[in-house]
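Since the structure comes first, as structure tokens, the remarks are kept for the end.
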Protein chains: 2
Amino acid sequence: MVIEGENVQEEGLVPEESVVAQSLRDAILERRLGPGSRLPEEQLVEIFSSSRGRIRRVLLALAREHIVVIQPGRGAFVASPDQEEAKDVLATRRMIEVGVLERPCQPLTEERLATLRQVLKEERQAHKTHDAARMIRWSGQFHLELARGLGNAVIAGIVSELILRTSLIIAIYERNNTTCCLKADHDLLLKSIEAHAWPEAARLMSRHLLEIEHNLDFSVSVKPGLSLKLALLG
Amino acid sequence: MVIEGENVQEEGLVPEESVVAQSLRDAILERRLGPGSRLPEEQLVEIFSSSRGRIRRVLLALAREHIVVIQPGRGAFVASPDQEEAKDVLATRRMIEVGVLERPCQPLTEERLATLRQVLKEERQAHKTHDAARMIRWSGQFHLELARGLGNAVIAGIVSELILRTSLIIAIYERNNTTCCLKADHDLLLKSIEAHAWPEAARLMSRHLLEIEHNLDFSVSVKPGLSLKLALLG
DNA sequence: AGACCACATAATGTTAACAATATTTGTTCA
DNA sequence: TGAACAAATATTGTTAACATTATGTGGTCT
């Protein structure tokens, strides 16, 4: 199944740059690229057969999305959100994603509902085959599709960015592979939505996001990541 | 009175670039630069005594904020949000800014409340002296300070961006200088907040933003803007 | 061993020149 | 007059070379 990319808009980037940006976002989302990883321009040029100018534009764009940090004179790194940022990102997601369920900007069409079911199916499939990367990807896609269906394009763009930041946060602070256990949450959520039980759905979403937040352990420090080539090509 | 700039974070830009970016944001916020205005690199280089490389980075950053559009091969222009985007931006603001009042991420400290009062005072002052630019600026600042005080840094960043987009939207679609008439809204809002009457405050905020939306006239077309030098230096 | 310093290496930051492309201007002709 | 074309101009896109700045290495001294 093919669904439009995780991210929604690529303002200011030419198509070739979008591809690079999306590859990096994918690698970050699926945790092949961990927080703090160096992103040397020259290596990225090689990997993507691009030019330094283009790579630099992409890195700036990703810095503006808060998933990359540019340290002047030192280079670009995958971001390592601190505890405060982690809490803020989760709280913001709660505000928006619960808000969208409580007071939708638009009614959920049958078509979008079908997409949601399909996404959930993919998520279950990934879970069954223990494919962690695909699990994360489709889990995020579920949240994004909800924002698309009940919210609007602007909200979807915001949520898309927050999902990526969440992925980094979980990569740093997750307690003990708790992520996988939350699988049932999306099932219940979709059931409530199908039943038009919006208050119940909102409650589930709130609990779902709070649970993620509560499963974070802010006492841990850093974790090493893969090498660039392995992360982006392997 | 001095309050930190409208925008919150300048990830990936060096200070000199931030200054240019903020100048352009200011010009757009205060409607000295209108939707559709051309932004030729060479002129910006002259005006800000900067280099093309820097200007280009700034333009990309602003494109990512949806207040500038880069047309490949043609250059950068101040964005002209269409009707759909206008409705989405206002709906998103409603969702977030009402949400922040209904379920604050943090209690409003006395210090922040004082700032809000001060901002409102400036707003009234600007209104009394018929200083349109300052009116817009402080009006936006009021919304931003609310997001800072009741939300968090992430929410404030989002709201900050949405305020700028709203300024462009109003510049295009405002019916008949209705903006100035909404002055009393912020007064009432602050009164409700001071009385801890959150549901009432939320209702007022919702009405306030809906009113802005309803005062838009989507039948109008474009309006000309000032010259670059006049807008940015005058 | 460990702190310190100088050098070598590698990475990023910057610039200027050139190439490619739009836009404007000017001319011709119907 | 105004439509159509062509040349001139102006603007953006791209690259490569260079300057600047970090990083790593090796050696010396205490």
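Every chain is numbered from 1 and lettered A, B, ... according to where its sequence line falls, protein lines coming before strand lines.
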>> How would you summarise protein contacts on nucleotides 9-16 of chain C per nucleotide, using B for base, S for sugar-phosphate only and - for none, with heavy-atom distances below 4.0 Å?
In response: --SBBSS-
>> Expressed as a whole number of angstroms, how long is the span from E16(A):CD to dT14(D):C1'?
In response: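 Distance, rounded to whole Å: 12 Å.
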>> Rounded to whole Å, please give me the gap between CD in E46(B) and P in dA10(D).
In response: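 To the nearest whole Å, that distance equals 13 Å.
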> What salt bridge (charged side-chain N to carboxylate O under 4.0 Å, His left out) pairs are there with at least one residue in residues 79-95 of chain A, not counting sequence neighbours?
Replying inline: E85(A)-R165(A), R93(A)-E97(A), R94(A)-E213(A)
>> Tell me which pairs pass salt bridge (charged side-chain N to carboxylate O under 4.0 Å, His left out) where either residue lies in residues 51-63 of chain A, with sequence neighbours left out.
In response: E16(A)-R54(A), E17(A)-R54(A), E17(A)-R57(A), E41(A)-R52(A), E41(A)-R56(A)
> Looking at residues at least two apart in the chain, or sitting in another chain, which of them share a side-chain contact (heavy atoms from CB on, under 4.5 Å) with F77(B)?
Replying inline: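 With sequence neighbours excluded, F77(B) shows a side-chain contact (heavy atoms from CB on, under 4.5 Å) to R38(B), Q71(B), R74(B), given in chain and number order.
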> Excluding sequence neighbours, so at least two apart, what forms side-chain contact (heavy atoms from CB on, under 4.5 Å) with V78(B)?
Replying inline: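 I28(B), L33(B), S37(B), L39(B), L168(B).
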> For S18(A), which residues count as a side chain to side chain donor-acceptor pair (under 3.5 Å) partner, sequence neighbours excluded?
Replying inline: none
